[in-house]
Amino acid sequence: MSSVDAHDTQHTIPTFLIIFGITGDLSRRKLLLALWHLYRNGLLPPQFRIIGFSRREFSNEAFATFVREALADIFTSADAKLVQNFLNLFSYRQGHFDVKERYVALGEYIKSLERAHHSPANKLFYLAISPSHYEIALQNLHDSGITKHEHSAYPARILIEKPFGKDIHTARALDEKLSALFKEEQIYRIDHYLAKEMIQNILHFRFSNFIFESLWNTAGIEKVHIQLMETLGMEGRGKFYSDTGALRDVGQNHLLQMLAMIAMDNPEKSDALHIRAKRAHILSKLRPVENLSRDVVRGQYEGFVLGDDIESDAQTETYFKIRAFLDTPAWKGVPFILESGKRMRQKIAHIVVYFKRSQHALCATTDSRNCQNTLTFTLQPQEEISIQFWAKKPGLSNEVEPRTLRFSYREDTPLSHLPDAYERVLYDCLNGDQTLFAGTDEVLSAWRFITPIIEAWHAEPLHTYGQGTDGPESESFDAYA
Ligand code: BG6
């Protein structure tokens, strides 16, 4: 999907990646590591610089030490010269996100680097900051003139992390702000699930394998179960999470994007315009949930309210399960079960497609799955695709039993390093490819579906569930599914 030509022409001039909130959790856990992998694999553009912008005071040298410490585990086995060259890419400027003068000073610094390179630069601004600072940061970026690009062939790009707003109203306001200040081709809304190898593979798998094509609709599919279960809890994010909740944190974005990849029509062309349009189209077909007590379960793990920075009476959900439907002829009556939780029994992210059972199966089986075929795309803990089918038990009986055809990305590919989603996010943005970033229509359609649930579900019970379990019991829901 990335264009090599675009890559070449853009990279005849320097490229500066400016990371706001570079000392924060996302940067330490994901971005620095992704940058290192891209660097080590020779995938960063020539004349590349990374400028950190955060509230903490650091000299350039102290900041290099910060990066070195953040990646200490990785660097122990790396070539020392390579590490030093990587660290040399970084510099740091201190600033509060709401103080315009600091943006002006940052702009001066960027200009001084451009003078040193004898060239205007491509500039990418990555907002790895709290969403509560987005509006002011965007306004200041614009007003300080840093994002103007009269001297550069390529307009500045803005990378912005989810959540985009808290509901349809705030998302629309943020969107209006973004589109008043920047053009759509400058805006890269990150949903790192879209950049996961297995999620990209869903489209390739679906549209390269004829054997599934005719079954990929209500005639062939009984239901689809999309799960993102985590064993982790808050990990120091209690304040953010208790204000956000699971549905906004991963439901509005990651799970609905997984649904879009499963249900979207063939984009016919493998480019950003076509793929984003088809994702947006299918998300716009989500039917509003009519009956919350039947179609939605929300839960909170025991002990959640004892966590740091969490109010003792917080009603935040750490688990949800939703039965969604799409109003299209192809998907009529097919439930899409969206389920996610923290502190669950196992870490698993996968999509299981349950096919309809054969009307005239010859099989005799005592297995409750009763000759149902499933196709599973697993993202975590290991990327794999598996198909469950039924075969006769070897021997004299006529009984059938389930068997699995399995393809594991890690075991069956020669790649020693599968790129992490954030490598893909950064790489594609550096190359100006918006395919794996959410467009405004997708984001708004997703909020249109989620907002009525969030606004009404406080009237429904908040079930508690034990840590390390599979979530709350929800018999009525399961019976219906
Ligand atoms: C993030 C959420 O977007 O996704 C986290 O904010 C969640 O709460 C994470 O843990 C899951 O991503 P991954 O890539 O670890 O599955």
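Both counts, for ligands and for their atoms, begin at 1 and track the order of listing.
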Original post:
Which atoms from ligand 1 have a heavy atom of K196 less than 4.0 Å away?
Top reply: 13 (P), 14 (O), 16 (O)
Original post:
Parallel under 30°, tilted from 30 to 60°, perpendicular over 60°: which one fits the rings of F205 and F377?
Top reply: perpendicular
Subject >> Nearest-neighbour protein heavy atom for atom 16 (O) of ligand 1, which is reported as residue plus atom name and distance >> reply: Y193 OH, 2.5 Å
**OP:** Give the residue, atom name and distance (to 0.1 Å) of the protein heavy atom nearest atom 12 (O) of ligand 1.
**Re:** H192 NE2, 3.2 Å
Original post:
Is any NZ, NE, NH1 or NH2 atom of the basic residue among D420 and R424 found under 4.0 Å from an Asp or Glu carboxylate oxygen of the other?
Top reply: no
Subject >> Parallel, tilted or perpendicular: ring planes of F63 versus F66, cut at 30 and 60 degrees >> reply: parallel
Original post:
To the nearest 0.1 Å, how far is atom 9 (C) of ligand 1 from its closest protein heavy atom, and which atom is that?
Top reply: E230 OE2, 4.1 Å
Original post:
Does T451 have any side-chain contact (heavy atoms from CB on, under 4.5 Å) partners at least two apart in sequence or in another chain, and if so, which?
Top reply: D167, I168, H169, W447, E455
Original post:
Are side-chain N/O atoms of H204 and N201 paired as donor and acceptor at under 3.5 Å?
Top reply: no
Original post:
Taking the non-hydrogen atoms of Y241, is any one of them nearer than 4.0 angstrom to ligand 1?
Top reply: no
**OP:** Compare every heavy atom of Q467 with every heavy atom of G303, then report the nearest pair and how far apart it is.
**Re:** CA-NE2, 4.4 Å
**OP:** Starting from atom 6 (O) of ligand 1, locate the nearest protein heavy atom and write down its residue, its atom name and how far away it is, to 0.1 Å.
**Re:** D249 OD1, 2.6 Å
Subject >> Q380 neighbourhood, listing ligand 1 atoms whose heavy-atom distance to it stays under 4.0 Å >> reply: 13 (P), 14 (O), 16 (O)
Original post:
Is the Lys NZ or Arg CZ of K196 less than 6.0 Å from the centre of Y193's six-membered ring, within 45° of the axis?
Top reply: yes
Original post:
With a cut-off of 4.0 Å, which atoms of ligand 1 are near a heavy atom of K342?
Top reply: 5 (C), 7 (C), 8 (O), 10 (O)
Original post:
What atoms in ligand 1 come closer than 4.0 Å to a heavy atom of H254?
Top reply: 1 (C), 3 (O), 4 (O)
